[in-house]
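Below: the structure, in structure tokens.
Computed from a prediction, not measured in an experiment: that's the story for all the values here. So you know, we letter chains A, B, ... as the sequences are listed, proteins then strands, and number each from 1.
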Amino acid sequence: MAKILIVDDSIIMRKNLEYILRQGGHEVIGQAINGRQAVEMYETLKPDLVTMDISMPMMSGTDAVTEILKLDPLARIVMISAINQKQMVFEAIKNGAKHYIVKPIEADNVLKTIDSVLQL
Amino acid sequence: MSELKARDKEGAKKTKQWLLYKKRAVKNSLKRRLMRAFRTLNLLSLTLMFAMIIFLMSIGFNALTGLISESVASQMANALSLHPDMPYDSLGEPYRLTALPEDLPEDRPAGMPSPPNETFYLIQYMIVKDNQVVYESISRDQQRPPRKEELQSRSLLNYISVPSTQRITNATGQTVGSVRVDVNPILLYIAFTGLFVSLVIGSIFVLIISQIGMRVFGPVVIKPLNELEKRMGDMANGDLHAALQSEMMFKKPVLEVMQLSEHANKIMHRMHDYIVDLEKQQNAVKDQMAKIQAIFQKIDQGIFQIDESLRIQPAYSLECEKIVGRQLGHLTIGEVLFPESHQEGERIFFVELLDKIFKTKGMEQEVFLSLLPDFLELNGRWLNIDYKLSYDGSQPMLMIVMSDLTEKRQMEAQMQQEQSMLKMVVKAMIQSEEVGHLLRAYEAFSENAMELFMQKEWSFLIREIHTFKGSFSQYDWTHLVAALNQMENDLMSSPESISSAQFSQDALLSLAAKDLEVIRMHAGEEFLKVSTVCLVDKDKILKVEDRVKELLSREESREILPLIRELRYVSIKKILNQYSTYVQKLSERLEKEINPLKITGVEALVDPDYYSEVFRTFVHLFRNSVDHGIESAEERMAAGKTLAGNLEIQVKDLGAAFEVIFLDDGKGIDLERLAEKARQKNIDYGQLKDLAFVDGLSSKEEATLISGKGYGLAALKSAVEALGGHISVDTELGRGTRFKIQLPKPMDVNDLTSPEEFIKGVDDSVQALIVQKYGVIITSNEVRIDNHIELDEMTAIINLKGTMNLIILLSVNRSMLHRLSNHMIFYDLNDENLSEIEEDLLGELANTLIGNSLKDFDHREDIFHLGIPVIMSHSEGYVKYSQDMITSRFYEFETNRLSIHLIPIHSEYIIKRVEEI
């Protein structure tokens, strides 16, 4: 049971993630549609974990990770991306994300990854 | 450890027990045991027999002495009864012996001759009368007192000797006395002793016999056992194979041994099978080991394993030593991969990471694993490093594979250098004017630099040098740029310490010399020397072009090749424009009025060498047209046409081919007349239209110098067809003629494979996601390459930037999107709002499909940036792209459609006729 902030520009992804996380017993405390909104919401909501899309308008997920970590160096962020490219994932992890999920998402994998990050 | 010790202890104890056991067994060999048993048994039975014989002898003696004494006593009593006065001693006469032989103690014949010397009585007797002993034979014969032994034996004799007493009667039968007779005890003693001694001797004899018997027969009994023992011993000590394969057989089998040997044989057979199996397995393992060893010796990768202690395990490939430069045995990985003292930070990070990997599990471990460095510089070598986690029992092991990329990198660096050099040459050729100006400016600067330096105009110098650095780097003058960069840095840090010689004109010019030399080597000695006009030899351009194709990546050459080609390539319009003067002169000579040649259409750049034959034979079109096609002014006026005839050329780019259309508004070709001529000359022809291109036919009665021999168009046709092209004619008598010539573009593999390769990656992710994961069996058609596409109901447009720049279109109809939405949406959804999110749905689909397909390019160094999808909804969309081909792939499932289109981005595209719903 964790308080989670979902960041994704696609409404389908947001709703899918919300559904999966609720099923997994988590509480979705906020949904941001771009990086900038995500940083603002992180500051006010103080979630336990953030799921972060990489490619979004306004501010990309990768940049949002950097901004959020400036606010909270212990922030737990899981990247969600369709880009199945090592360098890209590496970049996000180097920026401070704790883990990553490659689209298409699957409920089991999402919950497993989030649980393992919550245990860190 | 303690367990091991305990096991050792137990083992020692067992060994001790075994030794003790063995010692006891040696003492108790079967033979010994047999002998001992025999001996004991013999002794026991002999003793028993002995006692029995003694007992029987006593009884015998008892009876015998009783009988003798009885009969002797009754004889004596009788004699005395008959002759009372008979001398008593005469009574014993018949029983007197002399020197009796011992072995005949009892043989006592009555009539034996008296002994010559000593008197010896077989019996002794005593006569009692009136209760008075009147005679006693013994007291007279043997006066001496009895010895102790005699007394003892006498007491013994008392058991075996039975005396007899008989009454002596007178005539009236009255008892007057008695006579008592005993067998002579000495005799008895002698007899008894003799018998005893012979018995003992007999026993000893029997013992000896049995001992000998046992020595002789014992081994016979044990022999099969011994043989078995020997065989077993051989088997245990000697050639196992021979022992296992031999069958134990005995000459004189004994049941038990035979059974034992049968069991042994059975065991040995099974052992043999087992050993054969074992050997096979061992050989297989040996082979495998040898192979692995060979691989480990020869493999050109450094492979080793580390355990939790981060120590390198003893088995590693030979290449490791080559890479690391020393033996690895038991070193820790940190000191091997980061040996330098300045690498301490990296080493600590690396070791911490490994420590975490060994201590974590699952996802966390994977994340840490992915953080390990992929590349490493060690001893001046560039290494690519792969990691593989495995388990040796419960012990985690990390396998590390080092591949030496040094040579590859060196080659890449060299390539890089050649590439930038090529770029420099190409840019110099293309932009010779600008480069020339820049060089002139630099030369001017070099004249004044010394003066500026002497005046310590540092900031001005820095600004100037900085500007030149920037300008030359645009044209890839790498050597000059590096030198200017150094100079700029020096000026900024310590201008006072720079030698003024560096700013001499010669010194500054020499900085540019190297790059200039390279350019002139490719473009000619005079290149960039004289100010404005630079001409580059065509052969030199061709050579550079070949180098570009060879050295530059597909994407880079895509950018540069058209530029170089511009130097050499000429537009079709320009080539054909050469004919306008020809047409003009020809019409003047033939006194025809013809308007200037009109050329319309695209600026299609072509390799003039490639199409030279075709465009050279175009002359026949013009000649025929001017000579025969265009009528005289009078004829034209009569026909109601403009006085001056018109010739027009249209150039089109069809994508895979160019199309050149040649039109005149003359009188047309009289095909019927040509057909008649063909019949006259017995020439076969196919369609009527083809007659225009048949050799030796001309519509003109007499050939003029200029045309009419009827060979020209045939030459054009063969030139076009030689390039795989096609020519056709449309003609209408009195209206004009229209030739259509299609010329395919030369195949350039470099330009075409890239999007095809990419669309294959997209197809892989379509198969993985839609077919396998979602279970929607869509069928795909072949890859289609065209210069226009038609779009479906909704289209997502994604921009892909990176080493390949593409616009990707994913077009679907709504039913396909609705079909896929079942798999893409997890939460409950009613049909009403499906239409609201369908754009989002398509964007998500495009993002996932294209994003996933990028993993196919993971092994490359390409980095792609995937843009955010733009969604268009439209009933009909049409994309036409004039400059390049659009690579497409179409998928279908029932009425559902999906298509993917790739548009290379180096030139513009147009989307026409997009009608919003």
side-chain contact (heavy atoms from CB on, under 4.5 Å) evaluation trace for B:Tyr827 with A:Ile20:
CA-CA 8 Å; B:Tyr827 53 91; A:Ile20 290 170; over 6 Å; no
Side chain from CB out, backbone as N, CA, C, O: work out which of these in A:Ile105 comes under 4.5 Å of a heavy atom of chain B, or both, or neither.
both
Tell me, side chain or backbone of A:Thr113 under 4.5 Å from chain B's heavy atoms, or both, or neither?
both
Only one of B:Leu841, B:Asp840, B:Ile837 passes side chain to side chain contact (heavy atoms under 4.5 Å, CB included) with A:Ser10, and that residue is B:Asp840
Grab the two heavy atoms, one from A:Pro104 and one from B:Leu769, that are nearest each other, plus how far apart they are.
CG-CD1, 3.0 Å
Least distance between heavy atoms, A:Ala107 atom then B:Phe826 atom
N-CE2, 4.1 Å
A:Glu106 versus B:Lys773: any side-chain heavy-atom pair under 4.5 Å?
yes
Do B:Asn847 and A:Lys103 make a side-chain contact, defined as non-hydrogen atoms from C-beta onward lying under 4.5 Å apart?
yes
Interatomic distance, B:Ile825 atom CD1 to A:Tyr19 atom OH [nearest 0.5 angstrom]
12.5 Å
Any idea which of A:Asp9, A:Asp8, A:Ile12, A:Val117 has the most non-hydrogen atom pairs under 4.5 angstrom with chain B?
A:Ile12
